[in-house]
2 protein chains.
Amino acid sequence: MAGKREQNREQNRQALIGAVLDSVAEKGISETSVSEIIQRAGLSRGMIHLHFGGKDNLVQAAAHHSSEEYYDELEALLQTAGDSPQERIEMIVRGDLSERVLNRRNVSIWYAFRGESRNRKAIAEHSDTRDGRLRGMIHNAFSRIVREAGTPDASGTARDATHGTLALLEGMWTDFLLHPDRFDREEAARIIFRFLSAMFPAHFSLKGAVRTTAEEALPPPCA
Amino acid sequence: MAGKREQNREQNRQALIGAVLDSVAEKGISETSVSEIIQRAGLSRGMIHLHFGGKDNLVQAAAHHSSEEYYDELEALLQTAGDSPQERIEMIVRGDLSERVLNRRNVSIWYAFRGESRNRKAIAEHSDTRDGRLRGMIHNAFSRIVREAGTPDASGTARDATHGTLALLEGMWTDFLLHPDRFDREEAARIIFRFLSAMFPAHFSLKGAVRTTAEEALPPPCA
DNA sequence: GATTTTGATGGACGATTGTCCATTTTTCAT
DNA sequence: ATGAAAAATGGACAATCGTCCATCAAAATC
């Protein structure tokens, strides 16, 4: 038994964090006031100061929580993927574009915190999950791919492919932010794999999609 | 002569807009208050209500102004480019990554407004310049490229290339936002062209960069 | 130069912000 | 059951928010 004392304590902490994220998602960060938060959490005004020492710390904790949630979701998906590097890349891309990860709520929260990130470095760190763990996951996979392929300047190629893939994913998120209704997950994934299959034709195929110019440009087989 | 009346009027309007952008860039949107704005502009408190009817309208006008500035800068650069579609693409990419366009101030402002875009659609429109004019410019260029190359499903390929290039640029901007000191413009451009040259090997070359895996994967010339 | 017109001023105003603490309620240990 | 300890409450508080207007200054018109 965890003790009803501590159990309630933790429960209320989570309720506050959840209330912040709900409010940020729905009303934006500028309208997320203490009054708004405690009303959503159904708790009393003093709780924020009691548990977090102030609103700023609570918001920071919420940013941290949101970041962890994003990453946990992605890691869970990755564990269902196969061992081959191309399978892992594919899972990351499709996972990052999946409904569970890329949805209105998450995007609102993510970009709201990003908007404040320049002026609050504590929050900036949590907007930057991509640069830490996610980058490592993708880079590992591309490193194996270029090693298999015997590409010259393997490390540079793997680094560029990682950087480019992350940039593409970021761009798709922005697309979703600005046009959530007209956004098409399949199209976003197809475009990314189109770029990847152009760079690594031996490792990524378009699966029914139209072939790329790069493939078309191959010289005819020797007669 | 424009009349000293109207001349001063317009001058003060611009001062207010400039003060908003300075404040947003330096302190963030949440700390951009009426007091902060009028102090920076060196004007009196009532000016905001007089010229814009309220703070919200002023902020919106500032977002609009910033967006126009971004686009004007890019269009000016584009006029110095040649006529070939690949030259135009190259100019857009390099322009969008150039110091004049991609710098700390602009990125701060851009993402600050983006963070509020979900809850204030008037601002969202101005965060979305990319989807309008810029998209058209890029799409035109890729359309010519795929037409020349005789690619099957030309329109789909041009659309995907446009979407992908925009996503890559967006991603690079995010990169800059989160790591302004370690960001490398040359590297960002190289990665984008690496993707593009993989998709359109006949139109984009790496110019001294290491060749891509796609090129390596070409079968040896017929003996 | 007098009068009208318009722009500019800065303080008053009520509403709302986040912080903090005296008090009450609940849980734990005895 | 009783006392100690911890958690939760909700209102007081000063500070700040954005709006608005009575007043003043200056430019344009006569």
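Per chain, numbering begins at 1; letters A, B, ... match sequence-line order.
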Which of the following nucleotides, [options], is nearest to the side chain of [X]?
| X | options | value |
| --- | --- | --- |
| B/L50 | C/dA8, C/dA12, D/dG10 | C/dA8 |
| B/S33 | D/dC17, D/dA8, C/dT5 | D/dC17 |
| B/K55 | D/dC17, D/dA12, D/dG18 | D/dG18 |
| A/V34 | D/dG18, D/dT9, C/dT19 | C/dT19 |

Rounded to the nearest angstrom, tell me the gap between atom [atom1] in [X] and atom [atom2] in [N].
| X | N | atom1 | atom2 | value |
| --- | --- | --- | --- | --- |
| A/E31 | C/dT17 | CD | C1' | 13 Å |
| A/Q7 | D/dA6 | CD | C1' | 16 Å |
| B/I38 | C/dA8 | CD1 | C1' | 13 Å |
| A/L43 | D/dA7 | CG | P | 14 Å |
| B/M47 | D/dT23 | CE | P | 21 Å |
| B/Q39 | C/dT9 | CD | P | 15 Å |
| A/F52 | C/dT19 | CZ | P | 13 Å |

(message) Can you classify the ring geometry of A/F183 versus A/F176 as parallel (below 30°), tilted (30 to 60°) or perpendicular (above 60°)?
(response) perpendicular
(request) Hey, can you tell me if B/Y70 and B/W110 have their rings parallel, tilted or perpendicular (30° and 60° cut-offs)? (result) tilted
(message) Under 4.0 Å, heavy atom to any atom of DNA chain D: which of residues 8-29 of chain A qualify?
(response) A/N8, A/R9, A/N12
(message) Under a plain distance cut-off of 3.5 Å, with no hydrogens placed, do A/Q14 and A/E10 share a side-chain donor-acceptor pair?
(response) yes
(request) Ignoring backbone atoms, establish whether B/S35 has a side-chain N or O less than 4.0 Å from OP1 or OP2 of D/dC17. (result) yes
(message) Strictly below 4.0 Å: does A/H49 bring a side-chain N or O up to OP1 or OP2 of C/dT19?
(response) no
(message) Among residues at least two apart in sequence or on other chains, which ones pass side-chain contact (heavy atoms from CB on, under 4.5 Å) with B/N140?
(response) none
(message) If you compare all heavy atoms of A/H126 against all heavy atoms of A/A122, which two are closest, and at what distance to 0.1 Å?
(response) CD2-O, 3.3 Å
(message) Looking at B/K55, I want to see if its NZ is surrounded by more than 12 non-hydrogen atoms of other residues, nucleotides or ligands under 6.0 Å.
(response) yes
(request) Name all pairs fulfilling the side-chain hydrogen bond (donor to acceptor under 3.5 Å, both in side chains) condition that reach into residues 73-87 of chain A, sequence neighbours left out, sorted by first residue then second. (result) A/E73-A/R100, A/S84-A/E87
(message) Let me spell it out: for each of B/R45 and A/D56, pick the nucleotide of DNA chain C with the closest heavy atom. Which residue's pick is nearer the 5' end?
(response) B/R45
